[in-house]
Amino acid sequence: MTGEENRPAKRRKTKGNNPSIVKIGDKTIDLTAYLRPQENPVKKPPTNGVEKASPTTEEKQEPETKGNEKTEAGKPHKGVSKRHQNARATPMLRARKALPIWAHQEDIKSSLRKDNDILLIVGETGSGKSTQVPQFLCDEPWCRKKKVQVGSNTVNVGGMIAITQPRRVAAITLAGRVAKEMGTPLAPRQEGSVGYSVRFDHVVPKGTKIKFLTEGMLLQELLRDPSLRQYSAIIVDEIHERSVDVDLIAGFLKQILASDKAGRGGIPLKVVVMSATADVEKIQEFFNPQDVHSSMQLLRIKGRQFPVEIHHTDRPVPDIQEALIKQIFDIHQQEPLPGDILAFLTGQEEIEAAQRLIEEHSATLPSNVPKIQAFPLYGQLSIQAQQDAFKPAKQAYTRKVVLATNIAETSVTVPGVRYVIDCGKAKVKQFRARLGMESLLAKAISKSSAIQRTGRAGREGPGKCYRLYTAETYESLQEADLPEILRNDILGAVLTMKARGINDVLSFPLMDSPDVDSVEKALLQLLFLEALASDGTITEVGRKLALFPVSAPYGRVLLAAAEPEYDCLLEVIDIIACLTSGENIFHQLQAEDEPTRDDVEEHRKELYRREGDILTYLTAMQRYAAENADRIDWCRRRRINVRNMKQALSIRQQLRGICAREKLLAELPPPDPQPFVPLPPERADALLRCFLRGFALRTALLAPDSSYVTVQDRHVVAVHPSSVLHGHRREAIMFLEHVFTQKNYAKKVSAVQADWIVEAMGRR
DNA sequence: GAGCACTGC
């Protein structure tokens, strides 16, 4: 788990006599070829590199300038390029100069001149780093496009700065803000200096110098252009969130920095890594000057936050719900209005219970006391219900309490919050490679997460944070959350590496390396999917899978669907579009839906199929696409997630496009709406057999005691209540997801025949 | 009889 990549021997697993032999069911597979190290991918630099101490620049915070975020924007300046010099930008320039990062402009520029290629910036929220750093750098001499010789070709290298974001909205809104500040249009097919590229949405004007993109997007670009030739610099923002994608990006960047730059005609790539948390040792160690032949400077920049008073409990609370309610009403009675409360809870169930308690208590408040109103906020809530949590309370003299999951920690900002209550826990998804399943359980948060939650009270003024745990408990928390690459299934990450030509994935440089078990599991699954050949190298199938914006098993099903034997590609695209559009397209029916509940069930009945969830999703998608009148109303009547269905349509269009380009699809189907035609049973069989090409290992057989036992590991699984097959008995089931929460659950379940499973396994 | 949060040619 150290970030050092040159000691694979230590990570090798010792299993029996030969560590490279593993068994799946009755099959024995030799992993020797998979684990064989290739020649060291990170070239040692010549030893003339002088090591510099990393200077830490502490900075005095500029006096608070009120309303700097709200400064009127100058109108986009037509004709481009002579930016931020023109008079119209002046009020905005003043606002920019007030940002804490402005004082570091020269430091930032000079630290990347000459031979220095890497810079690490630690900037708290509100320092302005995401908007200003690219602007500081884009006029630097090293940022110009250059014509160079690569092999026998003359190519252009550099000219653009990429800045990565973990979320789409951030990439889009930051691009919008920077475009305004630079007075340049942000529109396709125009000339401009700023662009963005996220899934389903690309606005990259001609002459773009600064491009915001999601991490996944840059990874896709890396597959096509391993040297990132169009860029002079890559800025990796929010690296502290440590997504799998950002970890892979860091690894690829390290390889580029350490390489001889032949792929870039000798022109160096500058790398700026930006983090909002102070624990940067791991990052510094990772981009070790020894390895990459350049010294990494570190710059610390103060943020702009109001002070937040922190309160811990004196002793551990026995009952979180009770403590929460008491805390809410204490704040309500002691603190003046306005000032809303944001409470962090673990999940929907807890939130709904708390909401009921608050409503009961609230009803007992005397009439001369301000009212209190609770709003839930979590990801699967409808757009409308989420927006209710952002709007000020409807009635006057009312305090709003937002009961939120982790969604309010990073993804959304609730305005008006002065008080935060932190229960100290969060649900975390963890992949258990040995069992091949995920778990989703509430666990203690990390210190950095607690600090992040606290900060949510100080966005608009001084605030208070009440932690429902003791100061000792806080001190005992982990410094940071486990990075995703140590918690998630790394199937996709391993495929990306293989597709990028990394044969020996165990020696790929990573800040945190997953254990060998997980890597082996992923390699074996890729072998099962025929993404890898028996010698561990990537196959044509594997290359194609890496291009699909879906997980490898889904990609494999897409490829199989195009084979004449199954011939159901359009249907499979519809299904996968639905499956990957969000948690579940069906909203859970709640007590509040009561007057319409039967009506909703009646409408839903025409979608439910006895074959299971896959066919149900297909029916839902096809009926939705056939709907010509009001699709939103169609969803409302069935309590179907509108957002997910819209997303599903976009994914469908994207997948159809890719399949057409990859010659899996002869021609694009006619546009919607097309009349709905139910899939005949024999076609349904073909479709399910096709899904088994990706999911044969995720199957279970009905046991005499009516439980389902998995084929691969002989575990008992229960059909999840969200499945249409919940409570039904079938000979055998195939499930697309496998999660431990209260129980070992199979989700997205379909009925299959036992001999289909045998057939699918026999193909290997 | 139950669902942390993101993301992708």
Side-chain angles (χ1 to χ4, degrees), chain A residues 164-171 197-202 213-225 238 241-246 248-249 344-352 377-381 404-412 423 425-430 438-443 445 449 452 481 484 487-488 492-493 495-496 544-552 554-555 576-577 580-590 641 644 647 650-651 653-662 718-723 726-727 737 739-743 745-748:
Chain A
T164 68
Q165 293 294 324
R167 281 167 291 279
R168 305 178 62 209
V169 269
S197 183
V198 303
R199 190 182 189 185
F200 311 130
D201 196 0
H202 309 267
L213 33 66
T214 44
E215 293 161 353
M217 215 65 212
L218 186 67
L219 275 182
Q220 283 295 323
E221 293 192 358
L222 262 160
L223 286 185
R224 278 167 291 140
D225 175 14
E238 316 277 14
E241 291 193 20
R242 296 294 309 275
S243 64
V244 174
D245 285 354
V246 94
L248 290 179
I249 286 172
F344 285 99
L345 303 176
T346 57
Q348 182 177 344
E349 202 177 285
E350 227 187 319
I351 287 170
E352 281 166 1
L377 180 60
Y378 49 86
Q380 271 305 104
L381 221 49
T405 59
N406 252 357
I407 192 172
E409 202 178 295
T410 47
S411 308
V412 297
C423 78
K425 294 198 153 119
K427 276 195 189 171
V428 199
K429 198 186 254 181
Q430 193 140 11
E438 304 175 313
S439 64
L440 184 59
L441 300 169
K443 293 205 158 163
I445 58 170
S449 181
Q452 180 71 25
D481 293 300
E484 220 177 41
R487 291 189 287 113
N488 268 23
L495 179 63
T496 302
K544 286 208 168 105
L545 296 191
L547 290 177
F548 285 122
V550 297
S551 68
Y554 283 138
I576 290 177
T580 58
S581 69
E583 174 60 31
N584 191 343
I585 60 166
F586 294 104
H587 275 119
Q588 176 203 346
L589 295 182
Q590 291 164 348
N641 191 321
N644 286 0
Q647 166 97 346
S650 305
I651 298 173
Q653 190 187 13
Q654 185 186 25
L655 290 177
R656 283 177 173 181
I658 298 172
C659 287
R661 218 170 21 249
E662 296 293 319
V719 175
H720 194 272
S722 63
S723 169
H726 177 74
E737 290 168 21
V739 185
F740 181 86
T741 50
Q742 307 293 315
K743 266 201 236 177
Y745 280 116
K747 297 174 81 175
K748 315 269 168 77

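Below, chain A is the first sequence line, B the second, and so on; all start at residue 1.
- One finds no side-chain N or O of A:Ser243 lying less than 4.0 angstrom from the OP1 or OP2 phosphate oxygen of B:dC6.
- Per the geometry, CD belonging to A:Glu349 stands 8 Å off P belonging to B:dC4, to the nearest Å.
- Contacts of A:Arg661 with the nucleic acid, taken as non-hydrogen atoms under 4.0 Å apart, include base atoms.
- In this structure, the CD atom of A:Glu350 is 16 Å from the P atom of B:dA2, given to the nearest Å.
- Taking atom CG on A:Asp201 and atom P on B:dC9, their separation rounds to 12 Å, with Å as the unit.
- Rounding to the nearest 0.5 angstrom, the gap separating the NZ atom in A:Lys747 from the NE2 atom in A:His726 is 13.5 Å.
- Checking B:dG8, B:dA2, B:dC9 against every side-chain atom of A:Pro721, the shortest atom distance belongs to B:dA2.
- At a threshold of 4.0 angstrom between heavy atoms, the contacts of A:Arg199 include nucleobase atoms, whether or not backbone atoms are also involved.
- For the residue pair A:Glu409 / A:Ser449, a side-chain donor-acceptor distance below 3.5 Å is found, with atom types taken as modelled.
- Whole-Å rounding puts the A:Glu409 CD to B:dC6 P distance at 12 Å.
- The side chain of A:Gln742 approaches B:dA2 more closely than any other nucleotide in the set B:dA2, B:dG1, B:dC4.
- Considering only side-chain atoms of A:Lys429, the nucleotide from B:dA2, B:dC4, B:dG8 that sits closest is B:dC4.
- With rounding to whole Å, A:Leu219 atom CG is found 11 Å from B:dG8 atom P.
- Using a 4.5 Å heavy-atom threshold, the side chains of A:Leu377 and A:Val412 count as touching.
- Mapping A:Thr580 and A:Tyr745 onto DNA chain B by nearest heavy atom places A:Tyr745 closer to the 5' end of the strand.
- Within 4.0 Å of A:Val244, counting heavy atoms only, lies no atom of the nucleic acid at all.
- Considering only side-chain atoms of A:Lys427, the nucleotide from B:dA5, B:dA2, B:dC4 that sits closest is B:dC4.
- A:His202 comes within 4.0 angstrom of nothing in the nucleic acid, heavy atoms only.
- Counting only N and O atoms by type, the side chains of A:Ser243 and A:Glu215 include a donor and acceptor under 3.5 Å apart.
- The one candidate from A:Glu484, A:Gln165, A:Arg167 that meets the side chain to side chain contact (heavy atoms under 4.5 Å, CB included) condition with A:Glu241 is A:Arg167.
- Within 4.0 Å of A:Glu215, counting heavy atoms only, lies no atom of the nucleic acid at all.
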Working for salt bridge (charged side-chain N to carboxylate O under 4.0 Å, His left out), residues A:Lys425 and A:Glu350: CA-CA 12 Å; A:Lys425 294 198 153 119; A:Glu350 227 187 319; over 6 Å; no

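- One finds no side-chain N or O of A:Tyr378 lying less than 4.0 angstrom from the OP1 or OP2 phosphate oxygen of B:dC4.
- In this entry the distance linking CD of A:Gln348 with C1' of B:dG1 reads 13 Å, nearest Å.
- Residue-level contact check: A:Leu440 touches the bases, meaning some heavy atom is under 4.0 Å from a base atom.
- A:Phe200 comes within contact range of no nucleotide atom at all, as no heavy-atom separation falls under 4.0 Å.
- Listed pair A:Thr214 / B:dG8 meets the phosphate criterion, a side-chain N or O lying under 4.0 Å from OP1 or OP2.
- Distances were taken from every side-chain heavy atom of A:Arg224 (C-beta onward) to each of B:dA5, B:dA2, B:dC9; the shortest belongs to B:dC9.
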